[in-house]
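Worksheet for the structure shown next.
Residue numbering restarts at 1 for every chain, and letters A, B, ... go by the order of the sequence lines.
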Protein chains: 2
Amino acid sequence: MTNETHDATNKLHAPVPLAECALARAIRTIGDEWTLLILREALCGVERFDAMRDDLGIPRSVLSQRLKQLTSEGLLQRKPYSLPGQRPRDGYVLTERGRALIPALAALREWAEIHLPGGPSRLRLQDSDGQKVTTRLIKEDGSPVDDVSAIVAVAHPPNTDPA
Amino acid sequence: MTNETHDATNKLHAPVPLAECALARAIRTIGDEWTLLILREALCGVERFDAMRDDLGIPRSVLSQRLKQLTSEGLLQRKPYSLPGQRPRDGYVLTERGRALIPALAALREWAEIHLPGGPSRLRLQDSDGQKVTTRLIKEDGSPVDDVSAIVAVAHPPNTDPA
DNA sequence: ACCCTGAGTCTACTTATTAGACTCAGGTTA
DNA sequence: TAACCTGAGTCTAATAAGTAGACTCAGGGT
């Protein structure tokens, strides 16, 4: 049945349906412009509602809705703070789950710096010792991936009926 | 003027405005649910309009609009193909700029697999030799970042007037 | 000449986003 | 104690985007 008459053009479908794909789940969770920009604010240490609003120009209602969503998904958590001479309020900070997104955000930043127009980026991610952090793509054996052009996505437990 | 009376709670604003931030540019370019899901399809080797539509359940008009956008931004390019006994048509494949997003997508996938509910991911990224590829966060000196909790975002040419 | 298929466009409907006024809580000041 | 101030929201009406599904269009096959 392996008829090779046509010239093996392109796949009809993705190897894995959306429901079984972690990447798709990630996209459904954080694949929204405002959501990502809010996570950037949190990564920058901005905790307060109005500060985020000022930085992003986001409507209050949308910011409120997204913060609720991110909190309920465990990416942000409320953190009480006090300014001198004011009543205590709640800000938002990244949870561990939220901070675990840093590699993805770092990779995005690196991509944009190299592959999008707009000049150099002024935002820098650094560790506690002041060293800049970057991402690297590696193989199972630890060797770096130099050329991304050969990478393919496949189903992991291979499909038994590729019909 | 460096008055330390309050307990150094939180930053009022991000260290870098959106216009000078590559991460923000990346988010504005690909920070959209359908856009990201389309890039996943392209990464999976799905080239054809109706195949993407079937996989994603995306409305035709939205798919058409996003493909135009991604093409004009240079992340996808049209690629003619022929099925036997049918007229030639155009599909879409990732450009070099589009493939350069693979590290970011890989990092996202890894995040979701570890930090989101939903069971193991069946989508696997591998190199031409069949080895799985993953991302790693490293410092300038090449040492791996083990703990993400100390990473901060700062302005790179430091702000001269942090007033 | 007619049919078939895949890539779109078009239309009417529903939902999300937006700007801006308004509310609410609680500490400060008089 | 009462009026006041500030920051975090909610509410409302107008606009924009997303959606489902019918329709169009191109070109090879029959």
- Can you give one letter per nucleotide of nucleotides 18-30 of chain D, 5' to 3': B if a protein heavy atom sits under 4.0 Å from the base, S if only from the sugar-phosphate, - if neither? SB--B---BSSS-
- Are any of Y92(B)'s side-chain N or O atoms less than 4.0 Å away from OP1 or OP2 of dG8(C)? yes
- Task: For D50(B) and dT9(C), give me the distance from atom CG to atom C1', rounded to whole Å.
- Result: 14 Å
- Message: For L123(A) versus C44(A), what's the shortest heavy-atom pair and its separation?
- Response: CD1-SG, 3.9 Å
- Message: List the residues meeting side-chain contact (heavy atoms from CB on, under 4.5 Å) with I151(A), not counting sequence neighbours, and say none if there are none.
- Response: L137(A), V145(A), V148(A), R99(B), I102(B), L125(B), D127(B), V133(B)
- Message: For A26(A), give me all partners under side-chain contact (heavy atoms from CB on, under 4.5 Å), at least two apart in sequence or on another chain.
- Response: L108(B), W111(B), A112(B)
- Message: In whole Å, I'd like the distance from the CZ atom of R53(A) to the C1' atom of dT10(D).
- Response: 14 Å
- Message: Nearest to the R48(B) side chain among dT10(D), dG6(C), dG8(C), which nucleotide is it?
- Response: dG6(C)
- NE2 of H13(A) versus P of dG6(C): gap in Å, rounded? 10 Å
- For atom CD of E33(B) and atom P of dA17(D), their distance in whole Å: 17 Å
- Note on the structure: Between CG of L67(A) and P of dG7(D) the distance, given in whole Å, is 17 Å
- Task: Please examine the side chains of L83(B) and R48(B), heavy atoms only from C-beta on, and report whether any two atoms are closer than 4.5 Å.
- Result: yes
- Message: Connecting only ILVMFWY residues whose side-chain heavy atoms lie within less than 4.5 Å of each other, what is the rest of V93(A)'s hydrophobic cluster?
- Response: none
- Message: With each end axis built from five pairs of C1' atoms, what bend angle do you get for the helix from dA1(C)-dT30(D) to dA30(C)-dT1(D)? Round to 10°.
- Response: 0°
- Query: How many Å lie between CD1 on I38(A) and C1' on dG9(D), as a whole number?
  - Reply: 14 Å
- Query: Does K68(A) have a side-chain nitrogen or oxygen under 4.0 Å from the phosphate oxygens OP1 or OP2 of dA8(D)?
  - Reply: no
- If you measure only the distance, is there a donor-acceptor pair under 3.5 Å linking the side chains of E110(B) and T135(B)? yes
- Whole-Å distance between dG6(C) C1' and F49(B) CZ? 9 Å
- Could you state the CG-P distance from D90(A) to dG27(C), rounded to the nearest angstrom? 13 Å
- Would a 4.5 Å heavy-atom cut-off, applied to side chains only, mark T71(A) and Q77(A) as touching? no
- Query: Should side-chain heavy atoms under 4.5 Å link Ile, Leu, Val, Met, Phe, Trp and Tyr, which residues sit in the same cluster as V154(A)?
  - Reply: V152(A)
- Query: Without hydrogens or angle criteria, can the side chains of R89(B) and Y81(B) be said to hold a donor-acceptor pair below 3.5 Å?
  - Reply: no
- When you check the phosphate oxygens OP1 and OP2 of dA8(D), does a side-chain N or O of S64(A) lie under 4.0 Å from one of them? no
- Task: Answer with base, sugar-phosphate or nothing: what part of the nucleic acid does R78(A) contact at a heavy-atom distance below 4.0 Å?
- Result: sugar-phosphate
